[in-house]
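Presented below is the structure to which this report refers.
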Amino acid sequence: MIIENAVRHESTSDSGATSVSIIATIDGVQCVVPESAGNRHYAEIMRQVAAGTLTIADAD
Amino acid sequence: MSRAREFADLAGSADAGGLTGKNILINGGMTVAQRSTSTSMAHDGTTDAFGVDRFRISMGGTHEQLDGTFAQVTDHPLSVSGKSSKWTTGTAESSYDSDEYFYFAQLIEAQNVQHLQYGGSNAQSVTLSFYVKSSVTGTFACNLYKPDNTLRIINKTYAISSANTWEKKTITFPADTGGGGINNDNGQGLYAVWHLAAGSGSVGGGSNGAWKTYGGLTDWADGQATNAVATTAGATWQVTDCQLELGEQATPFEHRSFGDELARCQRYYQVSGSSVTNNYHVFPAQRWSSNNIFFSVPIATSMRANPTMGSDTSGNFGAVGGNNQSYAFSLSEMNFVNLDSSSITARVTVDFTPNSQYAYTGYFNTAGELQLDAEL
């Protein structure tokens, strides 16, 4: 799985709820990946981060 | 009607594939193809992809030349209009290196195989049956691989004896009493794998014929004896009526209705909205924060896990409401909030200040669709 341009977006609602996603290009296709252990794309992102082959940028 | 007659009829129905629920695999008849009916793959592009729902094809290691197409086709051993999944090699791999392997598979959710009772003395045998047709003859391997607890694997082989001819294959895998079993959750429970090619580094580990603890890549495809599907331009390999069932006997393929099969597939992948031009969808939205709104999009059935969101276009979405406020946005501006049994909720940063006193409406504009992927 080729993952590029990973950017982490986080926002807190008026009521304190949090929304976090990683927006990335996966195999050439733009995707919105939830930070969720059961999600296969998130698991692969974390594997590549741990391996040092992928860096996640924070959104401006 | 006598009881004997009732039992005889029941047995006859079972023999004819009339009893439902026996097939552990989903979409074994290759009928549901929500993503696409044809997927192009390449060593330097997409190396792991889904064709028909629930079935993936994957190139492992570092292929240097291989590319091809993975498609749903109307070609079936029994039905004139039945479906199968077909790999066609475009550019062949010039030589098959030791690190390379190539397979077709379905990953089965762990809580769907608890009745196999793996890891204990009550563990059950399972039987895999399928029709296969290939331009390549020779010995191919299939495996079951268990990723939970101690990694476990077993390969068994089958032979394709006649080129370009449908052949039915039946493989019984013995019970696995070791390895700590399969966790009762929504993660990966069992891989059912059909190998198409395997370099020397993915055979020879001793997994051919009996369950063993996975010792590395040499166990992955032990028994696979041909790589010609990958090393021959124009080679084909296709399969249909895949069934994995409890016991040591293959019974006739369980035909499910299209709606039943689709609903099972949608637990792992579904589309909200439509890619059809001039097709519109609207849903309620409201303020999330000073520069965000959020909205809930209905889903067809509850999904296995929080899904990845994608779109077939860059996205063609928007929100309107409030005091003539509106904002058009693309997929890359959306963020996941939460998932429940009937909807997925997302938020988007907008260029206006939403008012909590106003109602907003989110919309998918013409040809805007949201693809939700919760595959294993």
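Numbered from 1 within each chain, the chains take letters A, B, ... in sequence-line order.
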Contacting region of A:A37 [heavy-atom separation from chain B under 4.5 Å]: neither
Geometric class of the B:Y360/B:F352 ring pair [parallel <30°, tilted 30-60°, perpendicular >60°]: parallel
Side chains of B:P354 and B:Q325 in contact at under 4.5 Å (non-hydrogen atoms): no
Centroid separation B:F50 to B:F70 less than 6.0 Å: no
Engaged part of B:L339 at the chain A interface, taking heavy atoms whose separation is under 4.5 Å: neither
Toward chain A, the part of B:N338 with a non-hydrogen atom under 4.5 Å: neither
B:R54 with B:E375: basic N within carboxylate O range, under 4.0 Å: yes
Exercise: do B:Q188 and B:Y191 side chains pair donor with acceptor under 3.5 Å: yes
Contact residues of residues 40-53 of chain A (partner chain B; heavy-atom separation under 4.5 angstrom): A:R40, A:H41
Pairs of heavy atoms under 4.5 Å with chain B: top-ranked of A:G38, A:C31, A:P34: A:P34
Residues that B:A33 engages under side-chain contact (heavy atoms from CB on, under 4.5 Å), provided they are two or more places apart: B:T37, B:V52, B:Q72
Sequence-distant partners of A:D27, side-chain contact (heavy atoms from CB on, under 4.5 Å), two or more places apart: A:M1, A:I2, B:T46
Portion of A:V7 that has a non-hydrogen atom of chain B nearer than 4.5 angstrom: neither
Sub-4.5 Å side-chain heavy-atom contact between B:M309 and B:F336: yes
Interface moiety of B:S290 toward chain A, non-hydrogen atoms closer than 4.5 Å: backbone
Any pair counted as side-chain hydrogen bond (donor to acceptor under 3.5 Å, both in side chains), so long as it reaches residues 13-25 of chain A, sequence neighbours left out: A:S13-A:S15, A:D14-B:R287, A:S19-B:R347, A:S21-B:N335
Proximal component of A:E10, with respect to chain B [non-hydrogen, under 4.5 Å]: backbone
